[in-house]
Protein chains: 2
Amino acid sequence: MANRKQNSTYSRNEKCITGCDLTYAIYMLGGRWKLLILDKLAERKMRYSELKKEFSYITERMLTLQLKTMEQDGLIKRTVYAEVPPRVEYELTDAARELEPILSQLSDWGNKQRKIAQQETAVSSPM
Amino acid sequence: MANRKQNSTYSRNEKCITGCDLTYAIYMLGGRWKLLILDKLAERKMRYSELKKEFSYITERMLTLQLKTMEQDGLIKRTVYAEVPPRVEYELTDAARELEPILSQLSDWGNKQRKIAQQETAVSSPM
DNA sequence: CGGGATCCAATTTGATACTG
DNA sequence: CAGTATCAAATTGGATCCCG
C-alpha cells in the first residue's frame, strides 16, 4: 500500500516507477517539506505541536499531509498516546535512518552546486 | 540564473530553498523524468533523436523541457553542431558525474524499500 | 491537542499540431 | 532533425473553517 500512484492516470509511468528504484526513492523524498521534516526528526522524536511550531511557515494541512504520506511510505513512525489531552509523537523509522548518510552526501553536493550557481550569478550580474 | 523559483509565489519557501541544500538538490532531481535521463546519459553522450527513441513514452515537449531545466541547473551539457541536418548532443556535466555514486546508493535504498513494500502488500492481501 | 473537510490557486504534465 | 506553440488535464499546495 506504499504505492502513491495507484489510481493515477500515469499508467505509462508505472514502468518508470516499477523499473527505476531511483525514481521510486526520489518520489518518497520529493515533497516540498519532507526533507526538512526528515532533518528535524533526525535530531529527536517530536510531537505534532512541536513540529508545527518548528515549521510555522508550513500550513497545518500540508504538515499533516506530508507526515501521513511519509508514514505510509515507511519513513516515519506515528505513535498515538491515549491520553487527555491527546499526544502524538513522530520519529524516524530504520529505513529513514539508513537514508541519513546518503542524504548527507546529497546535501553536500547541493551545497557545492549552489555555491557554483551563486558565483556565476555574481560574475554575470556586473555586466 | 539556476534558480527555478524566481517568479514563483512561494516566497516563504525561499527560506527553505536558501537554507536547505538537501531541498536544493532534490529540486534539481525531482522532475518526473530527470533521473531516467540522467541514468541514460551516464552510459554515453546521446543526441536528441536517440533520447526521443529511448524514452518513447515521454512526450517531446516534456523531454525538451526537462533537458532544458537540467541544462540550466548545470546537470547536462548541450552541444549544437552547425550542420545540415542539425545535430544536438547531450552529455553529463562534471557536477552530474559527481552525483552518480550518491544516486547509486539512493537507488539501492529505493530497491530495498520497494521490496519491503511489496512484501507487506503480499502478506496483507490474502486476508 | 491533533487533526479533518472544503474550496480554490499554482504548478506540472500531457496531446496534438506546427516549424526552421 | 530538433525542437515550439497552444490548449487541456492532472497533481500539488494553500486558506479557512470545523471537530472529537
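A quick note: this is a predicted structure, and the numbers were derived from the prediction, not measured. Chain naming here is simple, since letters A, B, ... match the order of the sequence lines and numbering starts at 1 in each.
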- Query: With sequence neighbours left out, what residues match B:Arg47 under side chain to side chain donor-acceptor pair (under 3.5 Å)?
  - Reply: none
- Task: Can you sort out the partners of B:Lys112 under side chain to side chain donor-acceptor pair (under 3.5 Å), two or more places apart, ordered by chain and number?
- Result: A:Glu98
- With sugar-phosphate meaning primed atoms plus P, OP1 and OP2, does B:Tyr81 contact a base, only sugar-phosphate, or nothing at under 4.0 Å between heavy atoms? nothing
- Message: With a cut-off of less than 4.0 Å, is there a side-chain N or O of A:Trp33 near OP1 or OP2 of D:dT12?
- Response: no
- side-chain contact (heavy atoms from CB on, under 4.5 Å) test vs A:Leu75 passes for just one of A:Thr69, A:Leu99, A:Leu41, namely A:Leu99
Check nucleotides 17-20 of chain C for protein N or O atoms closer than 3.5 Å to its own N or O atoms and list the pairs.
none

- Note on the structure: Testing C:dG2, D:dG3, D:dG13 for proximity to the side chain of A:Arg78, the answer is C:dG2
- Query: Which is it for A:Asn111 and A:Arg114 under the side chain to side chain contact (heavy atoms under 4.5 Å, CB included) test, yes or no, and what are the steps along the way?
  - Reply: CA-CA 5 Å; A:Asn111 181 271; A:Arg114 202 150 57 96; 4.3 Å; yes
- When every non-hydrogen atom of A:Leu106 is compared with those of B:Leu29, the smallest separation belongs to CD1-CD1, 4.3 Å
- Charged N-O contact under 4.0 Å between A:Glu100 and A:Arg97: yes
- Message: For DNA chain D, which residues of residues 45-52 of chain A approach it to below 4.0 angstrom with any heavy atom?
- Response: none
- Would you mind telling me which of C:dC7, C:dA15, D:dG3 lies closest to the side-chain atoms of A:Arg61? C:dC7
- Can you list the steps and then say if A:Tyr27 with A:Asp73 is a side chain to side chain contact (heavy atoms under 4.5 Å, CB included)? CA-CA 10 Å; A:Tyr27 262 71; A:Asp73 286 345; over 6 Å; no
- Query: Could you give the OH-to-P distance, from A:Tyr57 to D:dA15, as a whole number of Å?
  - Reply: 14 Å
- Message: With side chain to side chain contact (heavy atoms under 4.5 Å, CB included) as the criterion, how do A:Tyr90 and A:Met70 come out once you've worked through the C-alpha distance, each side chain's angles and the decisive distance to 0.1 Å?
- Response: CA-CA 11 Å; A:Tyr90 293 90; A:Met70 287 168 75; over 6 Å; no
- State which of D:dC1, C:dG3, D:dA15 makes the closest approach to the side chain of B:Pro85. D:dC1
- To the nearest Å, give me how far apart CZ (B:Arg32) and C1' (C:dG14) are. 10 Å
- Output yes when at least one side-chain N/O atom of A:Gln66 is less than 4.0 Å from OP1 or OP2 of D:dG13, else no. yes
- Task: Look up atom CG in A:Leu67 and atom CG in A:Leu51, then write down how far apart they are to the nearest 0.5 Å.
- Result: 6.0 Å
- Atom-to-atom span, CD1 of B:Ile58 to C1' of C:dG14 - whole angstrom: 12 Å
- Grab the CG-P distance between A:Leu63 and D:dG13 for me, whole Å please. 13 Å
- Does B:Tyr27 make a side-chain N or O approach to OP1 or OP2 of C:dT12 shorter than 4.0 Å? no
- Message: Using five pairs at each end of the helix from C:dC1-D:dG20 to C:dG20-D:dC1 to define an axis, what is the angle between those two axes, to 10°?
- Response: 50°
- Here the distance between atom P of D:dT6 and atom CG of B:Leu65, to the nearest Å, is 14 Å
- Minimum-distance nucleotide to A:Met62 side chain [options: D:dG14, C:dT13, C:dG2]: D:dG14
- Please state how far atom CD in B:Glu54 lies from atom P in D:dA2, giving the value in whole angstrom units. 15 Å
- Item | d(CG, B:Leu67; C1', C:dT13) in whole Å | 15 Å
- Rounded distance (Å) that lies between atom C1' of C:dT12 and atom NZ of B:Lys34: 11 Å
- Message: Treating A:Trp109 as the side-chain partner and B:Ala95 as the backbone partner, does any N or O pair qualify as donor plus acceptor under 3.5 Å?
- Response: yes
- Query: Counting only N and O atoms by type, is there a donor-acceptor contact under 3.5 Å from the side chain of A:Glu89 to the main-chain atoms of A:Thr79?
  - Reply: no
- Note on the structure: Contacts of B:Gln105 meeting side chain to side chain contact (heavy atoms under 4.5 Å, CB included) (sequence neighbours excluded), chain-then-number -> A:Ile102, A:Gln105
